[in-house]
2 protein chains.
Amino acid sequence: MHMGVAERKERHKEDLKREILDAAKLLFTEKGLEATSIRAIAEKIEYSPATIYLYYKDKNEIVHALHSEGFKLLVSHFEVLNHISHPFERLKGMGRAYIQFALQNPDIYKLIFNMEEPLKHVANCFEEWDEGDRAFDILLKTVGECQKLDYFKDFATEQVSFVIWSTMHGLCTLRTTGHLSHVAAAKASDQDLDQLMSSIFETFVIILEKLKT
Amino acid sequence: MHMGVAERKERHKEDLKREILDAAKLLFTEKGLEATSIRAIAEKIEYSPATIYLYYKDKNEIVHALHSEGFKLLVSHFEVLNHISHPFERLKGMGRAYIQFALQNPDIYKLIFNMEEPLKHVANCFEEWDEGDRAFDILLKTVGECQKLDYFKDFATEQVSFVIWSTMHGLCTLRTTGHLSHVAAAKASDQDLDQLMSSIFETFVIILEKLKT
DNA sequence: GAAATATTATGAACAGTGTTCAGTAAAATT
DNA sequence: AATTTTACTGAACACTGTTCATAATATTTC
C-alpha cells in the first residue's frame, strides 16, 4: 500500500494517463528533463512506479506525448494570428509567438527541438508527425503569400522558409541553453537578455523587409 | 585486479588524463552523449572506474574538457581562413567551416552548443570561457570589416553578428537533431540533405549580399 | 640492500535510474 | 457466493555516477 487510497479513487478514474502526463510536464519544467524520474512522477500522482508502465510503455512514450502536446501548443500560438491579413505582419507575429513560446516553456522547447529521442520514436512509429509538418506548412504558406506581395521574390519559398526557421530556432536555442547570456557583454538580468533577443529579432525583421523589391 | 597490467604501464605513464579524454571522445561520438558511462570509459582504457576520479573530479569535468577542445577545433577552422582578404568572402568561408564542423562532429557540436551542463560548469568556475568569446569576437571583427565595405551598413555590428550566428546555429542544430530531415519532403539520403543544407546556406548568403548598399 | 613513506589503483558499497514480473487486492461477471 | 477479469504493487535486475577504505606499487630515506 502506498497512501491515500480512497481519496484518489474518486478524484480520478480513467484519466490517469492525463494525470501522469500533467505530473510529468510539471516535473519536467520544474526540475528539468533528465532530472525527472519515473519514481518522482509516480510519487506525485500517488501511485507505484510500476503502475505508470500500465499506461505508458516507456519513458520515451511519455516524452513523446509531451513532445506532441508541446507542438500543438506552438501551432495554436500560430493559429491565433490567422486574423492578421497582411502576410508579412503575420510572419512577424509568428516570430514573436515563437520566441514567446520558447521563453515561456524553455524545457518544452528543448524537448521539442533539441532532443532527438522523441524524433526517433516518431520515426519508428511511422506516425504522421502531424504537428511538425503542419507548423512548417503554415510558415511555407505565409512566406508564399509574402512573395505575392513582392517580399523576397527572387528566392525559393522553401529555402527562405528554412532560413527563417533556422534563424528563429538558432536564436531561441542560444537563449535557452544560456549561450546568449555567456557571449553578451552585459551579463545582467534576464530582462536585458530578453531585450537583446528582441533587438536581434527586430534586426532580422528589418533584414527581411529590405528584401522587398 | 582488472587485466593487462604490465602491458599498459609502459605504454602510457602520466598522459592518462589525455587517454581518458580520448576514450571519452571516442565513446561519445560512437555511442552518443548520454549512453557513455564512466565504467565504459574505464574499461576502454583498462582501468578501474574509480581511477578516473583521480584525474577528473566529475563526469562534468570530462564533458567540459571535451567542450573546450571542441571549441578550439572550431576556432582553428576559422583561423585557417585568415588569409582571405575580402571580409565577406571570409565570412562565407566561416559559414561553410561552421557547417562542416557541425556535420563532421555532430556529437561534439551538440556537446558544445546544445547542452547547458558544460556551460554551467564554466559559469561556476569563473574560468575565462576563452574560446567561446574568441569565436564570437572573430565573427564580430569580420562583420565589422564587411560593414566598412558597405555590407549591411545600416545595422549594428553586434545585432547582425547575432543574427548570422543564430541562423548558422539554427541550421546546424536542425540538421544534427534530425528535424531537417523530418520536415524535408524528400526523405532521401544524407547527401540530399547536405545539398539541401548547402542551398539554404547559399540562400542566406544571397540575402546578406543584398544588404550591400 | 631493507624500511618507511608517498603515490597510484582498486573492489566494494551507496543511492539513484529505467524497467520487468510474479503476486496481491479490487471490481465485474457469472 | 464463486470465478474471472482488471488494476495495482513490492521486490528485484541491471545499470548509472560517485565515494572511500584498502591494497599494490614507486619513491625516498636510512
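Every chain is numbered from 1 and lettered A, B, ... according to where its sequence line falls, protein lines coming before strand lines.
Counting only heavy atoms from C-beta on, A:Asp58 has its side chain closest to C:dT19 among C:dG11, D:dG10, C:dT19. The side chain of B:Tyr53 has D:dT19 as its nearest neighbour among C:dT19, D:dT19, C:dA9.
The existence of a salt bridge linking A:Arg39 and A:Glu43 is excluded, since no basic side-chain nitrogen approaches an acidic carboxylate oxygen closer than 4.0 Å.
Aromatic ring pairs are classed by plane angle as parallel below 30°, tilted from 30° to 60° and perpendicular above 60°; the pair A:His67 and A:His64 is parallel. Relative orientation of the A:Trp165 and A:His169 rings is tilted, given thresholds of 30° and 60° on the angle between their planes. Between B:Phe113 and B:Tyr109, the angle of the ring planes lies from 30° to 60°, which puts this pair in the tilted group.
The OG atom of B:Ser37 sits 7.0 Å away from the NZ atom of B:Lys59 when rounded to the nearest 0.5 Å.
Looking at heavy atoms from C-beta onward, A:Glu19 lies out of side-chain contact with A:Lys44 at the 4.5 angstrom threshold.
In terms of the ring-ring contact (aromatic ring centres under 6.0 Å, His included) criterion, A:Phe155 has no residue partners (sequence neighbours excluded).
Between its opening and closing five pairs, the helix from C:dG1-D:dC30 to C:dT30-D:dA1 changes axis direction by 20°, a value rounded to 10 degrees.
A:Lys110 and A:Thr176 make their closest contact through CE-O, 3.5 Å (heavy atoms, listed as atom of the first residue, atom of the second, distance).
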For nucleotides 11-16 of chain D, give me every protein contact, N/O to N/O, under 3.5 Å, one pair per line with atom names.
residue	atom	partner	partner atom	Å
D:dT16	OP1	B:Ser37	OG	3.0

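Computed from coordinates, the B:Ile62 CD1 to D:dT18 P distance equals 8 Å when rounded to whole Å.
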